[in-house]
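Count residues from 1 along the sequence. Both counts, for ligands and for their atoms, begin at 1 and track the order of listing.
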Amino acid sequence: MNRIDVLGVEFDDLTMDEAVERALGLIEERRAAYACTPNPEIVMAARENASLAAALKDAALVLADGVGITKAAQMLRTPLKGRVPGIDFAQALMARLAERGGSVYLFGAKPGVAEAAAEKLRGACPGIAIAGTSDGYFTDDKPIADKINAASPDFVMVCLGSPKQELWMAEHAGRISCGLMAGLGGSLDVLAGNVQRAPETWRRLGLEWLYRVIKEPKRITRVAKLPLFVLEAARKGRG
Ligand code: UDP
């Protein structure tokens with residue numbers, strides 16, 4: 001499989017449509033594989049967190065979550081076909097699953113958010129079965145794994161933030177009954193309507209991250225490593 005290295009993380013070189021097709025194939029295999037959607041922050045974190053790096057390496061699908069990754073790949077002279085933002089990927093995949101009466105389990109975010117997201121999904125994506133919901137603030141995850149096993153869904157949205165979601169999926173890969181899991185950060189908050197996505201123009205210009213910082217200034221500490229990421233890509237790209 002063609003993977004492209006972006007500062008230590010190997011990304012699958014796929015368009016959105018190809019990523020969704022691959023995901024449907026993995027769902028058919030039903031081996032509880034998982035997909036990750038790293039952004040520059042996660043790539044930088046993986047350099048200092050060996051367990052996170054290993055979890056990303058073992059993922060069946062590694063998708064370029066944003067413009068930071070595709071720009072860096074360009075600077076490194078190994079361009080990716082395009083970006084595949086996690087939330088767009090999840091929505092496109094659920095639309096396809098809905099056509100065949102597939103099911104999704106919503107795992108993560110604060111209590112009540114996954115239920116609100118389920119409600120919205122029932123309206124936006126009729127045909128998809130909601131196999132269950134669990135919030136992401138637990139002390140013991142055994143009951144959650146049991147609940148997922150019992151529901152045996154096609155797709156599990158794992159929205160615990162990074163690196164919690166990647167580590168959780170790596171630990172449970174091949175050990176729970178489901179088609180495919182995907183680590184999708186704050187996507188349940190977006191689906192529930194609690195967090196607005198950037199307007200289309202901002203997204204097209206690759207400025208979604210800036211919009212999120214403006215809306216939620218405390219995120220500034222999270223993008224603080226972005227300049228380092230860009231510099232590193234520029235340095236390596238020249239070398
Ligand atoms: N979260 C969770 N359990 C935790 C920590 C975080 O379920 O222990 C959730 C949090 O409520 C939010 C998501 O994980 O819904 C992380 O969202 P964030 O916006 O940080 O992720 P991003 O989209 O930036 O990756």
(message) Could you tell me if Gln74 and Thr70 have a donor-acceptor pair between their side chains, going purely by distance under 3.5 Å?
(response)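 No, Gln74 and Thr70 have no side-chain donor paired with an acceptor closer than 3.5 Å.
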(request) Specify side chain, backbone, both or neither for Arg212, according to which of its non-hydrogen atoms lie closer than 4.0 Å to ligand 1. (result)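 For Arg212, the contact with ligand 1 is made by the side chain alone.
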(message) Whether Glu41 and Lys225 form a salt bridge (side-chain N of Lys/Arg under 4.0 Å from carboxylate O of Asp/Glu) is what I want to check.
(response)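 Salt bridge: no.
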(request) Would you mind listing which atoms of ligand 1 come within a distance below 4.0 Å of any non-hydrogen atom of Lys164? (result)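 Under 4.0 Å from Lys164, ligand 1 has these atoms: 3 (N), 4 (C), 8 (O).
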(request) Compare every heavy atom of Tyr105 with every heavy atom of Pro153, then report the nearest pair and how far apart it is. (result)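 That would be CG-CB, 3.7 Å.
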(message) Within this structure, what is the CG-CZ distance for the pair Leu63 and Arg22, rounded to the nearest 0.5 Å?
(response)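 Between atom CG of Leu63 and atom CZ of Arg22 there are 8.5 Å.
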(request) Pick whichever of Thr37, Ile42, Leu160 has a heavy atom sitting closest to atom 14 (O) of ligand 1. (result)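 Looking at heavy atoms only, the winner is Leu160.
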(request) Walk me through it: do Leu191 and Lys120 pass the test side chain to side chain contact (heavy atoms under 4.5 Å, CB included)? (result) CA-CA 7 Å; Leu191 287 183; Lys120 289 270 165 66; 5.6 Å; no
(request) Look at atom 20 (O) of ligand 1 and say which protein heavy atom is nearest, naming residue and atom and giving the distance to 0.1 Å. (result)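 Residue, atom and distance for the closest contact: Arg222 NH1, 2.9 Å.
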(request) For Arg47 and Val43, indicate whether the former's side chain and the latter's backbone hold a donor-acceptor pair under 3.5 Å. (result)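 A pair under 3.5 Å: no.
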(request) Quick one: look up the protein heavy atom nearest atom 13 (C) of ligand 1 and list residue, atom name and how far away it is. (result)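 So the nearest neighbour among protein heavy atoms is Gly185 O, 3.5 Å.
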(request) For atom 24 (O) of ligand 1, grab the closest protein heavy atom and report residue, atom and distance to one decimal in Å. (result)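 Scanning the protein heavy atoms, the shortest distance from atom 24 (O) of ligand 1 goes to Arg219 NH2, 2.5 Å.
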(request) Identify, by atom number and element, the atoms of ligand 1 in contact range of Asp189, meaning under 4.0 Å from any of its heavy atoms. (result)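 Those of ligand 1 that fall under 4.0 Å from Asp189 are 12 (C), 15 (O).
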(request) Before accepting this row, confirm whether a basic side-chain N of the pair Arg3/Asp12 lies closer than 4.0 Å to the acidic partner's carboxylate O. (result)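 Yes, charged N to carboxylate O under 4.0 Å.
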(request) For Gly161, counting its heavy atoms only, list the atoms of ligand 1 lying under 4.0 Å from any of them. (result)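 Checking each atom against Gly161, I get 13 (C), 14 (O), 16 (C).
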(request) Give a yes/no verdict on a cation-pi contact between Lys164 and Phe138, requiring under 6.0 Å between NZ or CZ and the six-membered ring centre and an angle within 45° of the axis. (result)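 Verdict for Phe138: a cation-pi partner in Lys164.
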(message) Going by the closest heavy atom to atom 9 (C) of ligand 1, which one wins out of Gly66, Gly136, Ala117, Cys159?
(response)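 Residue with the shortest heavy-atom distance to the ligand atom: Cys159.
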(request) Could you pull out, from Gly186, Ala109, Ser162, the option with a heavy atom nearest to atom 21 (O) of ligand 1? (result)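 Among Gly186, Ala109, Ser162, the closest heavy atom to atom 21 (O) of ligand 1 belongs to Gly186.
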(request) Flag Asn39 as yes when one of its N or O atoms lies below 3.5 Å from any N or O atom of ligand 1, and as no otherwise. (result)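 Among all N and O atoms of Asn39, none is under 3.5 Å from an N or O of ligand 1.
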(request) Heavy atoms only: give me the nearest Ser152-Arg30 pair and the separation to one decimal. (result)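 That closest heavy-atom pairing would be OG-NH2, 2.9 Å.
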(request) Measure the distance from atom 11 (O) of ligand 1 to every protein heavy atom, then report the residue, atom name and distance (to 0.1 Å) of the closest one. (result)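 Answer for atom 11 (O) of ligand 1: Tyr137 OH, 2.9 Å.
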(request) Tell me, please: is Glu41 in heavy-atom contact with ligand 1, that is, under 4.0 Å? (result)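 For ligand 1, residue contact (heavy atoms, under 4.0 Å) with Glu41 is absent.
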